[in-house]
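Read the structure below first, then the notes.
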Amino acid sequence: MDQTKQDEEYGYDLFPERNTGKHKKSLIRDSLFIFNHKCQVMLTFAIETSPYAKLLLGAMKNSGCKVLKDRHFSCEDCDGTVSGGFDAASSQIVLCQNNIHQQSHMNRVVTHELIHAFDHCRAHVDWFNNFKHLACSEIRAANLSGDCSFSNEVARFNFGLKEHHQECVRGRAVRSILAVRKISREEAQKIVDEVFDSCFNDHAPFGRIPHGNKDAKFAYREYANRDRYYANL
């Protein structure tokens, strides 16, 4: 497959720094060091303080996939439509330093992409050829990362009552697939619908849907103390 076409097919065109052959450093890019520094500071704060991130990092370490900040995270400039991504080819999380400006946003992006990394670690995910695998991980990331929390939906002026959370997860999963795969909306919706129930109800490693920091902190304490519990059985 032509490299340009392959980049577009898999969404790499949204992350120009992923293709070092095409992306050249410039004086303008060199002058944007402050963006990278701010991204690195917010990343460090997220992985050290966010209960979502701490639980996911602990779960991955226990699964044999220890995450190293300098190796597995990369702050880069991206297309203006995305905030982050998981590069399965390099096992790296890309954080879009030009699009993430607030700590709360960084926390959500780190969590969302760590869920993809966790799925990559624990399962044989065929990211590039199996759309159902991709859809399942996108459903889980939207469901468990706080993307569809009540406060975030209110901030987007999205209001609903019955099964609003499910519809938010479904919609965000579809949009995520469309961002990185050249398929129709109808195809993406069909794929999401086919795997939605099983993937929506897969809450690993949280054990529940963490609807906010309070839920995430509780899940993290439960996870951190699980060995102590089993030792007393």
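Values below: all heavy atoms of this structure, side chains included; hydrogens, waters and symmetry mates excluded.
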Any side-chain donor near an acceptor of the partner, D215 and Y220, under 3.5 Å: no
Distance (rounded to the nearest 0.5 Å) between H72 NE2 and L57 CG: 11.0 Å
Salt bridge (Lys or Arg N to Asp or Glu O under 4.0 Å) for E167 and R170? Distances and angles first, verdict last. CA-CA 5 Å; E167 289 310 305; R170 195 185 302 271; 3.6 Å; yes
Are the charged groups of E187 and R181 less than 4.0 angstrom apart, N to O? no
For K217, does the NZ atom have more than 12 heavy-atom neighbours from other residues, nucleotides or ligands under 6.0 Å away? no
Hey, can you tell me if Y12 and F128 have their rings parallel, tilted or perpendicular (30° and 60° cut-offs)? parallel
Would E138 and V174 count as a side-chain contact (heavy atoms from CB on, under 4.5 Å) if you check the C-alpha gap in whole Å, the side-chain angles of each, and the deciding distance to 0.1 Å? CA-CA 8 Å; E138 291 296 355; V174 168; over 6 Å; no
Residues, nucleotides or ligands: over 12 heavy atoms within 6.0 Å of K61 NZ: no
Give, for atom CG of N143 and atom CZ of R172, the distance between the pair rounded to the nearest 0.5 Å. 12.0 Å
Can D87 and Q92 be counted as having a side-chain donor-acceptor contact under 3.5 angstrom? no
So how far is it from L68 CG to F73 CZ, rounded to the nearest 0.5 Å? 10.0 Å
Where at least one partner belongs to residues 169-189, residue pairs that pass ring pair (Phe, Tyr, Trp, His ring centres under 6.0 Å), sequence neighbours excluded: none
Do other residues, nucleotides or ligands put more than 12 heavy atoms under 6.0 Å from F196 CZ? yes
So E222 and R208, salt bridge (Lys or Arg N to Asp or Glu O under 4.0 Å) or not? Walk me through it. CA-CA 11 Å; E222 267 195 348; R208 59 172 59 77; 3.3 Å; yes
Any chance the side chains of S104 and N107 put a donor and an acceptor closer than 3.5 Å? no
Is there a side-chain contact between Y52 and S145, using heavy atoms and a 4.5 Å cut-off? no
Going by distance alone, is a donor N or O of one side chain under 3.5 Å from an acceptor N or O of the other, for N99 and S83? no
Residue pair C39 / M106, side-chain heavy-atom distance below 4.5 Å: yes
May I ask you to say whether E186 pairs ionically with K190, meaning some side-chain N is under 4.0 Å from a carboxylate O? no
Pair E76, R18 - check salt bridge (Lys or Arg N to Asp or Glu O under 4.0 Å), show working. CA-CA 9 Å; E76 303 177 6; R18 296 282 92 188; 2.3 Å; yes
May I ask you to check whether H165 and H211 place their ring centers less than 6.0 Å from one another? yes
Assess the pair H112 and H116: is the distance between their ring centroids shorter than 6.0 Å? yes
Taking it one step at a time, do F15 and C96 satisfy side-chain contact (heavy atoms from CB on, under 4.5 Å)? CA-CA 8 Å; F15 307 96; C96 299; 3.9 Å; yes
Does a side-chain heavy-atom distance below 4.5 Å link V41 with T44? no
Run D202 and R122 through salt bridge (Lys or Arg N to Asp or Glu O under 4.0 Å) and show every step you take. CA-CA 13 Å; D202 179 0; R122 70 167 182 160; 2.5 Å; yes
